[in-house]
Structure formats: C-alpha cells, structure tokens
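Numbers restart at 1 for each chain; the letters A, B, ... are given by sequence-line order, proteins then strands.
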2 protein chains.
Amino acid sequence: MKLHDTPIGPYPARVRIAIAEKNLLPLIQFVPVSLRKGEHKTPEFLAKNYSGTLPVLELEDGTFIAECTAITEYLDALDGLPTLTGKTPREKGLIHMMSKRAELEVLDAISVYFHHATPGLGPAVEIYQNPEWGFKQRDKALRGMHYFNGILETQPFVATDFFSMADITLIGALIFADLLSLPLPPECQALQAWYNRMQQRPSVKNRITMSHPPAAPLDTP
Amino acid sequence: MKLHDTPIGPYPARVRIAIAEKNLLPLIQFVPVSLRKGEHKTPEFLAKNYSGTLPVLELEDGTFIAECTAITEYLDALDGLPTLTGKTPREKGLIHMMSKRAELEVLDAISVYFHHATPGLGPAVEIYQNPEWGFKQRDKALRGMHYFNGILETQPFVATDFFSMADITLIGALIFADLLSLPLPPECQALQAWYNRMQQRPSVKNRITMSHPPAAPLDTP
C-alpha cells in the first residue's frame with residue numbers, strides 16, 4: 001500500500017501512529033506530497049481525494065481511501081483484530097464519538113484557525129481567509145482542551161480504558177497546537193500529563209522518521 | 001435505549017433511518033428535544049453531549065453516545081451483522097470515507113449555511129453568525145452535489161454496490177437542502193434520480209412518524 005502524506009502534518013500523524021500501533025509499517029510505501037507547494041490542490045491529487053486533504057491511502061487494487069477515520073478503520077480491520085476502533089458495540093460507539101469530538105472541538109478547530117487566522121500555508125494556497133471565523137475556532141479549541149482535561153482527570157484514555165483511535169485524534173490535535181505554538185492552558189494539567197505519556201509511545205515518538213531506516217551511526221575515526 | 005432527538009432534523013434523520021434499516025425500532029424510546037427552544041444548549045443537555053447537537057443515544061447503563069457516525073456504528077454492531085458500515089476492511093474504509101465526505105462537502109456545509117447565513121434557529125439560539133462564511137459553505141455544498149452527481153452516474157450507491165451509512169449521510173444532506181428550499185442543481189440528474197429512489201425506502205419515507213404507532217383508520221359511517 002502507498003500512503004500519500006507529509007511527515008510533519010498533524011492529520012498524517014494520525015495515520016502514521018495507527019500504522020505503528022498495528023505494526024503495519026512493512027506494508028507501507030510513503031509518497032511525499034508538499035502542502036507548501038499546494039500539491040494537494042492540483043487536479044491530479046484532487047482526482048485521488050476530492051477534498052484535497054492528506055493523508056490518502058492507495059490500496060494495491062488502485063482504490064484510494066481518504067479521511068483519517070476511514071483509513072484507520074481500514075487498517076484496524078486488516079488483521080481481524082481491531083484494537084484501535086473497538087470490539088464491542090459500546091466500545092465502537094464511544095471511540096467513534098470521542099474521536100469525532102476531538103476533531104470537532106479541537107483538531108479541526110485548530111485547522112480552521114491555522115488556515116484562516118494565520119498565514120497558513122502561504123498566499124498561493126490560502127486564497128480565501130476569514131480571520132474572524134479563524135479566531136472563533138481557536139477559542140473553541142481552547143474550550144475543547146478544557147473539556148478533554150476534565151475527561152482525563154477521571155480516566156487514563158480519551159474514550160475508554162485502553163488506547164484507541166480517539167487518543168490518536170486528540171494527539172493529532174495537540175501536535176497541531178505544538179506546531180502553531182498554541183500553548184495548552186496551564187490549568188489543563190491532566191491533559192498535559194496524558195499528552196506527556198502519549199509522547200512516550202514509540203508510535204508517537206517515531207512517527208516523523210518512520211518512513212526512513214534509522215541513520216547509520218557516524219564512524220568514529 | 002432512548003434516542004434524544006427531534007423528528008424533523010436532518011441529523012436525527014440519519015439515525016432514524018439506520019434504526020429502521022436495522023429493524024431496531026422496538027428497542028427505542030424517543031425523547032423529544034426542541035431545537036427552536038434551544039433545549040440542546042442547556043447545561044442539562046450539554047452534560048449528555050458536550051457538543052450540544054442532536055441526536056444522542058442513551059444506553060440502558062446510562063452511557064450517552066452522540067455523533068451520528070458513532071451511533072450508527074453502535075447500532076450496526078448490535079446484532080453482529082453489520083450491513084450499514086461494511087464487513088471487509090475495504091468496505092469499511094470506503095463507507096467511512098464517503099460518509100465523511102458527504103458530511104464535509106454537503107451536509108455540514110449546509111448546516112453552517114443555515115446557522116450563519118439564514119435566520120437559523122432564531123436570535124435566541126444563533127448568538128453569533130458569520131454570514132460570509134455561511135454563504136461560502138452554501139457554495140461548497142453546491143459543488144459537493146456536483147461531485148456526488150458524478151459518483152452516482154457510475155454506481156447505484158454512494159460508497160459501494162450496496163446501501164450503506166454513506167447513503168444515509170447524503171440523504172441527510174438532501175433532507176436539509178429540502179428544508180431550506182435549497183434546490184439541487186438541475187444538471188445533477190443522477191443525484192436527483194438516486195434521491196428519488198432513496199425516498200421510496202420505508203426507512204426514509206416513514207422516518208418522521210416512526211416514533212408513533214400508525215394512526216387507526218377512520219371509521220366509515
């Protein structure tokens with residue numbers, strides 16, 4: 001399979017983390033797409049994903065699967081052992097709800113802030129901006145961080161008692177906040193502690209370099 | 001189970017259609033929530049669903065599941081026979097992708113148009129509006145209709161060769177367009193033909209009255 005993505009992006013991070021958690025790296029070939037050059041808005045790329053977003057998974061049969069949740073569903077079902085999207089109806093419902101909530105209330109809100117109230121990907125890509133809407137979404141994201149802080153004060157993971165797609169989505173949101181130097185509110189200590197724990201997971205820590213073999217150690221003379 | 005919803009709403013329609021398709025009506029008790037009165041924005045309701053949206057499914061154990069996709073995942077997994085969200089990895093991926101795309105490109109765009117560029121639910125509920133953003137989203141929805149028209153020119157259903165959650169999401173979008181008298185572009189004939197077929201499904205046709213037993217026939221004197 002091919003993953004069309006960019007190593008740094010917060011949405012690609014969601015799928016890279018899922019790939020690592022599921023030990024699927026040997027099956028994946030990475031195809032870089034430059035957001036800064038607007039390669040995700042070219043007609044060629046839009047034919048792969050109408051919405052013009054990264055990442056996109058290309059299956060061996062030529063099928064393109066876009067949208068992080070959809071790609072995660074695909075990858076998690078591959079081995080018949082879903083660990084990221086839930087096994088029971090209740091787990092599936094809670095994980096999908098909390099993942100969507102992390103998108104709506106934090107990740108996608110930060111994305112709108114980035115594209116509308118900051119220079120975003122630059123004038124060639126950001127051809128329409130609505131700064132008022134962008135700042136409203138930044139404020140929504142900060143409220144959302146308080147909401148998730150409350151959740152993480154009482155449970156170890158976002159949706160249930162194990163690591164899931166919902167944690168990955170919220171990690172993506174906080175990676176985006178990091179990239180924009182949007183600090184977590186200092187009173188969100190449970191959220192910060194959870195994020196510190198998540199950053200220790202190899203899937204999160206090694207996500208950017210996962211497409212490359214580790215660099216050979218320098219020869220000492 | 002209890003479904004907190006309103007019979008007319010396009011998002012509640014998505015879950016009502018799923019309930020009917022899965023023959024789960026006998027398990028559901030409907031709890032009406034008035035959008036016009038802003039009952040979905042009260043602290044009591046926000047404790048059930050932080051995002052303040054309908055519908056919300058309340059399980060017997062007191063768990064609340066919000067977000068249409070999450071509720072549909074829950075309901076579809078209940079009998080171990082998923083028909084709406086896919087069985088194989090590829091089906092799951094495609095259905096989740098196309099359902100999300102129908103949200104992003106049409107349904108949610110129409111919702112933003114409604115809440116920001118029309119009187120929406122009235123001044124007591126719509127305390128902040130951004131009309132420029134609202135009209136942008138209306139135009140995005142119209143472009144999205146052309147995209148799905150192209151899809152439906154070559155296949156009978158939105159995601160794959162059977163009726164799925166992705167069809168339900170696009171039906172919800174066109175229900176919303178109907179409510180707002182936002183006409184389908186006349187050149188979208190495949191989309192219109194598909195919508196006409198979908199409206200013949202009992203799950204779609206009877207969704208508004210499904211919480212009530214059929215009225216007794218009038219006595220003829």
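The line from CE of B:M97 to CG of A:L57 is 10.5 Å long, rounded to the nearest 0.5 Å.
The choice from B:L94, B:L59, B:L75, B:I95 that makes the most heavy-atom pairs within less than 4.5 Å of chain A is B:L94. For the set B:P89, B:C68, B:G80, the count of heavy-atom pairs under 4.5 angstrom toward chain A peaks at B:P89.
In this structure, chain B has a heavy atom under 4.5 Å from the side chain of A:L104, while its backbone stays farther away.
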Polar pairs (donor with acceptor) under 3.5 Å from chain A to chain B:
{"unit_1": "A:N49", "atom_1": "OD1", "unit_2": "B:R101", "atom_2": "NH2", "d": "2.9"}
{"unit_1": "A:Y50", "atom_1": "OH", "unit_2": "B:R143", "atom_2": "O", "d": "3.4"}
{"unit_1": "A:S51", "atom_1": "OG", "unit_2": "B:E105", "atom_2": "OE2", "d": "2.6"}
{"unit_1": "A:D61", "atom_1": "OD2", "unit_2": "B:R90", "atom_2": "NE", "d": "3.1"}
{"unit_1": "A:T63", "atom_1": "OG1", "unit_2": "B:R90", "atom_2": "NE", "d": "3.2"}
{"unit_1": "A:T63", "atom_1": "OG1", "unit_2": "B:R90", "atom_2": "NH2", "d": "3.1"}
{"unit_1": "A:R90", "atom_1": "NE", "unit_2": "B:D61", "atom_2": "OD2", "d": "3.1"}
{"unit_1": "A:R90", "atom_1": "NE", "unit_2": "B:T63", "atom_2": "OG1", "d": "3.2"}
{"unit_1": "A:R90", "atom_1": "NH2", "unit_2": "B:T63", "atom_2": "OG1", "d": "3.0"}
{"unit_1": "A:K100", "atom_1": "NZ", "unit_2": "B:E103", "atom_2": "OE1", "d": "3.1"}
{"unit_1": "A:R101", "atom_1": "NH2", "unit_2": "B:N49", "atom_2": "OD1", "d": "2.9"}
{"unit_1": "A:E103", "atom_1": "OE1", "unit_2": "B:K100", "atom_2": "NZ", "d": "3.1"}
{"unit_1": "A:E105", "atom_1": "OE2", "unit_2": "B:S51", "atom_2": "OG", "d": "2.6"}
{"unit_1": "A:Y128", "atom_1": "OH", "unit_2": "B:E132", "atom_2": "OE2", "d": "2.6"}
{"unit_1": "A:N130", "atom_1": "OD1", "unit_2": "B:N130", "atom_2": "ND2", "d": "3.2"}
{"unit_1": "A:N130", "atom_1": "ND2", "unit_2": "B:N130", "atom_2": "OD1", "d": "3.2"}
{"unit_1": "A:E132", "atom_1": "OE2", "unit_2": "B:Y128", "atom_2": "OH", "d": "2.5"}
{"unit_1": "A:R143", "atom_1": "O", "unit_2": "B:Y50", "atom_2": "OH", "d": "3.4"}

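When all heavy atoms are compared, the tightest approach of B:A70 to A:G93 is CB-O, 3.3 Å.
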